[in-house]
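Letters go in sequence order (proteins before strands), and every chain restarts at 1.
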2 protein chains.
Amino acid sequence: MEIKPKTVKSAQLKNLIVKQLYFDNALSCAELSELFDKSIPSITKAVNELITEGFVVEHGYAPSSGGRRPLLYSIKPDAMYILAIAMDQLSTRIQLLDLLNRPVADSLTFDLRLLNNDAALATLVKSINSYILKSGIPKEKIAGIGMGMPGFINVRQGINYTYLNAGSKSLVQYLHDEIGLPVYIDNDSSLIALAEQRFGIAKAQQNVMVINLGWGIGLGMIVNGEIFRGHNGFAGELSHIPLSDDDALCACGKRGCLETVASMQVVAEKAIEGINSGRATSLKDTGAAASKALLDDILDAAGKGDQFAIELLSDAAYKIGKALAILIHIMNPQTIVLSGRGARAGKILMAPIQQALHKYCIPRLAESTQLLISDLGFDAELIGAAVLMMENFEKEIKSVSRLEV
Amino acid sequence: MEIKPKTVKSAQLKNLIVKQLYFDNALSCAELSELFDKSIPSITKAVNELITEGFVVEHGYAPSSGGRRPLLYSIKPDAMYILAIAMDQLSTRIQLLDLLNRPVADSLTFDLRLLNNDAALATLVKSINSYILKSGIPKEKIAGIGMGMPGFINVRQGINYTYLNAGSKSLVQYLHDEIGLPVYIDNDSSLIALAEQRFGIAKAQQNVMVINLGWGIGLGMIVNGEIFRGHNGFAGELSHIPLSDDDALCACGKRGCLETVASMQVVAEKAIEGINSGRATSLKDTGAAASKALLDDILDAAGKGDQFAIELLSDAAYKIGKALAILIHIMNPQTIVLSGRGARAGKILMAPIQQALHKYCIPRLAESTQLLISDLGFDAELIGAAVLMMENFEKEIKSVSRLEV
DNA sequence: ATACTTTTATAAATATTTTAAGAAGTTTTA
DNA sequence: TAAAACTTCTTAAAATATTTATAAAAGTAT
């Protein structure tokens, strides 16, 4: 069916307003008019249509600055829902969120190995479809799916070159065909950065670097208020910059990568070494070499004051700090955020990182960047996935009308 | 005088068209319509007005792709002129350019020491005013002044925190008041990058890193097709990233900066050492320690096959290559351009830089970035200054009408 | 308390842009 | 060689958006 251009333009403005209200809690017509460079009558008309369509509600009056009080409008949280998916190498989380990023159904976490697993894609589709079914939310009320995953991703084409090959179709196209909802994917670290910049500790900042402290060291870059991916989507490869000339061989084939000296994997390996050589520590070698449980133990122990655990983390953090010094010289960010699983140990990491920054940064540069610890924590990637979906909402021209009952 | 909003909107579209035609030689109404998302009748009207106002001329027909041949329009090169200024620490160049970036008057180069020179600003103003007078071009025909200079610059406020303090006024405001033309300033390396991206070897590319090989090592960054400056304008401090732990003390107070091991200053110093210790070379110690003449001699000698000179440059280039490897990991640029004065020796620098990239880059990243040598050479900064002016042309709402005769 | 300023909201008048239809010029295809 | 298909350009009617004016509401000053 052909869509009349007139309808498209009008729908675009309405989608833009919905998107804006998703990001900014409540806004007046005057503010929206300013924001989109449209006249107040045009905005009023669009907003009123959105109210009758059930997407927008009045939200009381804002305090006046010397004139009539503006009527605020906000999004109706249950006007539609977003399916957010956060994957890592071993497990996947699915959660349905409303337009205030609040869960509307229990999250589902299940093991899903991405590497060398031909069944992964089919399992994922089955899990998503059954999750939606179990939630009791009709598909028509779900605006779409946002998904974060590791690997090298072509966002525009919706392909992950590393995992979940969907054969002749793109991953996004395949998922869309199997589930019947629009799907958007992006790199996990990028989505964490997006979450921090839209709803986290770096809200609305234009220039933010977010460190994803997980098993490896990821970097999500926000440049001019948007995710930055570089020419081929490879930007932010912080963990493989050459830091020292004569260190261990990295999986990437080079020597001296940050990853070989400062990742949580290395921390865990060193912990086992230390335990076995009789270091005084509350940590125990559980047998499973470098498991996730051990990493959690180390973070816990450090939090409780275990000197050995603190030492391990500090060593890693100092080296991360040196890499961040380089990043600051090149990007001059307003903020660096420590996020991801490892952000739990943020307070312990902070001091050695700052120390390295002072040693390796021009003072003026070190002073102009603030180092913060995420407060979104484990939810960051899920929220980032939801944001990704809403970022692309204006492209779904038919969305508003499709969702009309 | 208050400007009627209607006039503003119409003038803005016309200024946008003028700007676009400055960058893209010749365009049809259909292309302009596509570009600005305006209807063809609206574009036609604006273009016809611009023709009667003497800014635009017809430029023949484009080859057809299966339909009526489109009539192309291009800018009238002498509709107005741009005053481009390129400064370095010691000398300043002034040149009046037309809208095809062709000189319309001889360039003026004069010594102007920026450091510790209270008279510099007054000298600059006098030189500019007399240059304009001598050129015989009436001020009304000059759209404005673009100026590139070293130092830390706040582009929006038009202030250089390092040089040419104008007291209570901003530098830009001061120059505007003294000369009577709009003035825009930016960092020299940024303007060189801008020139390469608009009229040079990286034309129209979105993601370009330009190395300004001069006395030091500058970096101009093009991100998403625009100059990137970071949160405080400090982005691109490539020459002070920590490269090695135990090298010479840098002027910035740290150790191991790229600048201390790879700048042209270091090359010149090592050359004098080598000459005095009897190395076989055609170079001669002219007495003046580390002078610009010596640097030119080294570049020439290397070009003629002098082994010692080549060795000096290769050593520096390899270290620059290591820094570029880091830059590639973070930014994933499409292109890195070697520009600035030192680009003359580009061919000699190329091999050791590539060698370092292969050693320090993940292969997939090294392959996705091309390394090119500038063909704008010495003119890059002047052209960049002109581009800076035209970039801001749409802000000069009254420009078109002001220039009307 | 009242008048004044500032701001928002609404309706009518105005201006602009878009759309649509047709003409003219090219290339491709039958 | 002729017709079909495609693209650009022109013009007028229709749709759309913006401006202007007015009223209402809230704070500020007299």
Side-chain angles (χ1 to χ4, degrees), chain A residues 1-17 20-21 24-52 56-74 394 397 400-401, chain B residues 1-17 20-21 24-52 56-74 397 400:
Chain A
M1 187 193 76
E2 193 56 57
I3 304 165
K4 282 262 176 76
K6 158 193 163 180
T7 323
V8 171
K9 280 237 162 176
S10 160
Q12 266 173 351
L13 178 60
K14 287 202 275 184
N15 278 20
L16 273 175
I17 292 173
Q20 195 65 41
L21 290 177
D24 293 345
N25 207 19
L27 292 168
S28 69
C29 282
E31 287 168 320
L32 287 167
S33 161
E34 184 78 8
L35 227 51
F36 297 128
D37 201 27
K38 293 274 164 191
S39 67
I40 289 179
S42 304
I43 297 292
T44 311
K45 191 184 160 208
V47 167
N48 285 332
E49 284 177 27
L50 284 169
I51 288 176
T52 61
V56 168
V57 289
E58 296 184 357
H59 192 256
Y61 291 91
S64 157
S65 55
R68 177 168 167 178
R69 290 168 66 183
L71 187 52
L72 294 177
Y73 299 93
S74 66
E394 77 216 60
I397 294 169
V400 168
S401 47
Chain B
M1 186 193 78
E2 180 79 43
I3 304 165
K4 281 265 174 74
K6 158 192 165 181
T7 323
V8 171
K9 281 238 164 174
S10 160
Q12 265 173 351
L13 177 60
K14 288 202 274 182
N15 277 19
L16 273 174
I17 292 173
Q20 194 65 41
L21 291 177
D24 294 344
N25 206 18
L27 293 167
S28 69
C29 281
E31 286 168 321
L32 287 167
S33 160
E34 184 79 6
L35 225 52
F36 298 128
D37 202 28
K38 294 274 163 189
S39 69
I40 289 179
S42 304
I43 297 290
T44 311
K45 192 184 157 207
V47 167
N48 285 332
E49 284 178 26
L50 284 169
I51 289 176
T52 62
V56 169
V57 288
E58 295 184 357
H59 192 254
Y61 291 91
S64 159
S65 54
R68 177 168 168 176
R69 290 169 66 185
L71 187 51
L72 295 177
Y73 299 93
S74 67
I397 294 171
V400 169

Fill in: Residue list, side chain to side chain donor-acceptor pair (under 3.5 Å) with B:Ser39, at least two apart or on another chain
B:Ser42

Practice prompt. Apply side chain to side chain donor-acceptor pair (under 3.5 Å) to A:Ser33 and list each qualifying residue two or more places apart in sequence or on a separate chain.
Written response: none

Identify each atom pair where a protein N or O and an N or O of nucleotides 9-12 of chain D are less than 3.5 Å apart, giving names and distance.
from, atom 1, to, atom 2, distance (Å)
D:dC9, OP1, B:Leu71, N, 2.7

What is the distance from [atom1] of [X] to [atom2] of [N], rounded to the nearest Å?
X	N	atom1	atom2	answer
B:Lys38	D:dA17	NZ	C1'	11 Å
A:Leu13	C:dT17	CG	C1'	16 Å
A:Glu34	C:dT7	CD	P	12 Å
A:Ile43	C:dT10	CD1	C1'	15 Å

Discussion item. With a cut-off of less than 4.0 Å, is there a side-chain N or O of A:Ser42 near OP1 or OP2 of D:dT18?
Written reply: yes

Which residues share a side-chain contact (heavy atoms from CB on, under 4.5 Å) with [X], sequence neighbours left out:
X	answer
B:Ser28	B:Ala30, B:Glu31, B:Pro70, B:Leu72
A:Phe36	A:Leu13, A:Leu16, A:Ile17, A:Gln20, A:Leu32, A:Lys38, A:Ile43
A:Asn25	A:Leu100

Discussion item. To check you understand the geometry: which heavy-atom pair defines the closest contact between A:Ser74 and A:His59, and what is its length?
Written reply: OG-CD2, 3.3 Å

